[in-house]
2 protein chains.
Amino acid sequence: MGSCETCVVRNTAICADMDGDELELLNTIGRRRNLEAGEQLLWEGEDAVLVANVIDGVLKLSNSMEDGREQIVGLVYPSDFIGRPFGATTPYGVEALTDSRVCVFARRDFDKFAQEHPKLEHKLLERTLTELDRTRKWMLLLGRKSAEERLATFLLEISQRLDPATCSNPDPQAHFVFDIPFSRQQVGDVLGLTIETVSRQFTKLKRDGVIDLPSRRSVEILDRFELEARAGG
Amino acid sequence: MGSCETCVVRNTAICADMDGDELELLNTIGRRRNLEAGEQLLWEGEDAVLVANVIDGVLKLSNSMEDGREQIVGLVYPSDFIGRPFGATTPYGVEALTDSRVCVFARRDFDKFAQEHPKLEHKLLERTLTELDRTRKWMLLLGRKSAEERLATFLLEISQRLDPATCSNPDPQAHFVFDIPFSRQQVGDVLGLTIETVSRQFTKLKRDGVIDLPSRRSVEILDRFELEARAGG
DNA sequence: CGCATTATTGAGCCGTCTCAATCGTTGTGG
DNA sequence: CCACAACGATTGAGACGGCTCAATAATGCG
């Protein structure tokens with residue numbers, strides 16, 4: 001059983017800034033849930049019955065078309081919020097990319113709780129505004145960037161998301177290895193590219209000495225400065 | 001001089017649900033401002049000094065790259081909210097596409113006011129969530145749709161935005177004429193296409209009898225059903 | 001009326017997609 | 001422990017869609 005007091009994302013999730021009593025109340029309406037990689041939490045278009053906080057793992061939000069084309073519209077990391085409060089239907093599917101732990105709330109309970117706790121709503125607002133900014137930045141990538149620019153941008157963003165230390169210590173020459181929690185297909189779905197194009201661009205960056213690919217799922221940034229140049233604006 | 005009591009978007013903007021006293025207070029910190037078509041209200045990356053409500057007109061939000069490539073990341077219509085509360089910098093440029101009227105607030109004043117008025121923050125949250133949903137839907141278009149699908153989707157969305165009646169009365173065969181408040185270049189910037197491709201797709205839809213183009217800036221939907229089919233998922 | 005601006009049309013190219021074959025890794029059963 | 005299947009990733013060849021560059025046509029404006 002998890003409780004809010006011992007939660008690892010206690011101070012970064014929307015629950016931050018809440019006092020002991022509030023937290024206890026929130027704890028009574030939420031429950032932990034484990035998800036395996038590939039498991040779906042919400043389906044696009046279904047009734048919005050629940051919302052959640054990510055404790056651990058990475059999940060994708062995606063929209064798709066009848067013919068199977070899919071676009072990943074967001075990636076969700078620990079302490080991020082999932083779901084659509086105050087709305088009737090879930091506008092995107094949510095699927096775990098890695099084994100994950102989430103803290104789930106019935107939407108009805110959460111909505112009520114939020115309305116009664118302005119501090120929580122404020123946190124949620126700030127988070128939603130930040131997410132909107134990030135999403136809009138991604139639109140520039142999808143609408144205007146080349147395949148190489150897209151992959152370079154993606155590798156930079158993901159390396160920063162997975163190691164927050166990189167943000168505060170942006171040594172452009174620093175070597176840096178990390179695991180990509182995505183298959184090539186999923187990278188393509190994020191970037192609006194096919195799997196083959198993604199693969200070719202990986203190979204090209206490696207051939208040019210910008211990155212190395214020690215294994216299928218890991219990347220080493222050899223020349224961050226060059227990678228940034230290739231990411232474009 | 002405008003005042004909130006007589007404001008035409010009084011009941012649909014974030015100011016809705018506020019009582020007389022609150023509104024009066026809000027009125028003292030905001031002021032009206034007229035913008036000419038093409039006039040810029042905010043610049044990408046500058047300090048976020050102000051936020052605003054749209055009273056009349058259409059504005060674009062856009063991100064761009066050093067080499068001039070531009071992506072429109074949002075369109076703003078009457079009663080919509082503009083700007084980045086609780087943030088240091090404005091993440092996108094804002095430019096009026098038509099002559100517009102907005103209700104402007106110093107961000108510092110607005111932030112303070114919002115924190116003290118949960119009802120306003122709640123409205124703002126709902127609005128931001130809706131906008132995030134819309135933006136994510138647009139990512140599917142940018143990442144996965146063909147030029148024809150993009151233009152068809154765009155014409156449907158804009159016809160609904162400009163005539164709310166169409167939403168509640170979705171007769172698929174209904175003829176419907178409306179003005180596009182955008183140049184071909186701007187349509188391209190919204191859809192992630194070049195001006196030539198946009199023009200060719202307009203011509204194609206017209207040649208196929210799906211739409212008519214009575215003038216440069218206006219469109220008549222002749223066969224909404226077919227247009228929906230061509231918009232894809 | 002003449003000029004500037006915006007849109008359309010055309011020809012050719014380039015980047016990404018499609019389709020297909022091969023390679024590499026992982027896991028399984030003999 | 002090895003052979004083999006299954007899967008994901010890579011690579012190649014060719015097609016196609018949208019882009020670039022250029023010319024022309026419409027529209028708007030002084």
Side-chain angles (χ1 to χ4, degrees), chain A residues 37-38 65 67-71 97-98 140-155 179-208 211-220 230-232, chain B residues 36-38 60 65 67-71 97-99 140-155 179-208 211-219 230-232:
Chain A
M65 295 169 67
D67 63 8
R69 279 178 282 178
E70 173 176 344
Q71 178 63 49
L97 296 178
T98 63
L140 177 61
L141 177 145
L142 291 176
R144 295 302 188 194
K145 288 193 176 182
S146 70
E148 184 179 45
E149 288 170 332
R150 290 183 200 200
L151 184 58
T153 305
F154 176 71
L155 291 176
D179 274 18
I180 310 181
F182 314 108
S183 69
R184 293 289 186 266
Q185 179 60 60
Q186 286 162 346
V187 174
D189 287 338
V190 174
L191 300 180
L193 298 170
T194 58
I195 184 172
E196 296 94 334
T197 300
V198 170
S199 182
R200 279 185 249 271
Q201 296 304 328
F202 266 113
T203 306
K204 181 154 174 256
L205 287 175
K206 178 180 179 179
R207 200 175 50 229
D208 296 355
I211 62 171
D212 191 27
L213 301 169
S215 84
R216 219 185 251 205
R217 287 272 183 138
S218 63
V219 175
E220 177 172 11
R230 295 190 185 210
Chain B
E36 289 178 15
K60 71 170 187 185
M65 297 169 68
D67 64 9
R69 278 176 284 178
E70 174 177 344
Q71 179 63 48
L97 296 177
T98 64
D99 291 346
L140 177 60
L141 177 144
L142 291 174
R144 294 302 187 194
K145 288 193 176 183
S146 70
E148 184 180 45
E149 288 170 332
R150 292 184 199 199
L151 184 58
T153 306
F154 176 71
L155 291 176
D179 275 19
I180 310 181
F182 316 109
S183 69
R184 293 290 187 267
Q185 179 61 60
Q186 287 161 345
V187 175
D189 287 339
V190 174
L191 299 181
L193 298 171
T194 58
I195 184 173
E196 296 95 333
T197 299
V198 170
S199 182
R200 279 185 250 270
Q201 296 304 328
F202 266 113
T203 306
K204 182 156 173 254
L205 287 175
K206 178 180 177 177
R207 197 176 52 230
D208 295 356
I211 62 170
D212 191 28
L213 302 168
S215 83
R216 218 184 250 207
R217 287 273 181 138
S218 63
V219 176
R230 295 191 185 209

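Chain A is the first sequence line, chain B the second, and so forth, proteins listed ahead of strands; every chain is numbered from 1.
The CG atom of A:Leu213 sits 7 Å away from the P atom of D:dT10 (whole-angstrom rounding). B:Phe202 places its CZ atom 13 Å from the C1' atom of C:dT6, with the value rounded to the nearest Å. Regarding B:Asp189, its CG atom lies at a distance of 12 Å from the P atom of C:dA7, rounded to whole Å. For A:Arg200 and D:dA13, the CZ to P distance is 11 Å, given to the nearest whole Å. Computed from coordinates, the B:Lys204 NZ to D:dG18 P distance equals 9 Å when rounded to whole Å. A straight line from CZ of A:Arg217 to C1' of C:dG24 spans 15 Å, rounded to a whole angstrom. Across the protein-nucleic acid pair, A:Ile195 atom CD1 and D:dG12 atom P stand 17 Å apart, rounded to whole Å. Going from atom CZ of B:Arg69 over to atom P of D:dC19 covers 12 Å, rounded to whole Å.
Taking every side-chain heavy atom of A:Arg216 into account, C:dG24 is the closest of D:dT20, C:dA7, C:dG24. Out of D:dC19, D:dT10, C:dT9, the shortest distance to the side chain of B:Glu196 is found at C:dT9.
Side chain of A:Arg230 to backbone of A:Ala152: no donor-acceptor contact under 3.5 angstrom is found. Formation of a donor-acceptor pair under 3.5 Å by the B:Arg184 side chain with backbone atoms of B:Glu196 is not found in this model.
Contact annotation for B:Ser215: no contact, since no heavy-atom pair falls under 4.0 Å across all strands. No engagement by B:Gly188 is indicated, since no non-hydrogen atom pair under 4.0 Å with the nucleic acid exists.
A pairwise comparison of heavy atoms in B:Glu70 and A:Arg144 identifies O-NE, 2.7 Å as the closest pair. Here the shortest heavy-atom pairing between B:Ala37 and B:Leu97 reads CB-O, 3.5 Å.
Considering only side-chain N and O atoms, A:Ser199 lies nowhere under 4.0 angstrom from the phosphate OP1 or OP2 of D:dA9. Within the 4.0 Å cut-off from OP1 or OP2 of C:dT16, not a single side-chain nitrogen or oxygen of A:Thr197 is found.
A 4.5 Å side-chain heavy-atom check between A:Ile211 and A:Glu220 finds every atom pair outside the cut-off.
When each of A:Arg144 and A:Arg184 is assigned the nucleotide of DNA chain D with its nearest heavy atom, A:Arg184 is the one assigned upstream, toward the 5' end.
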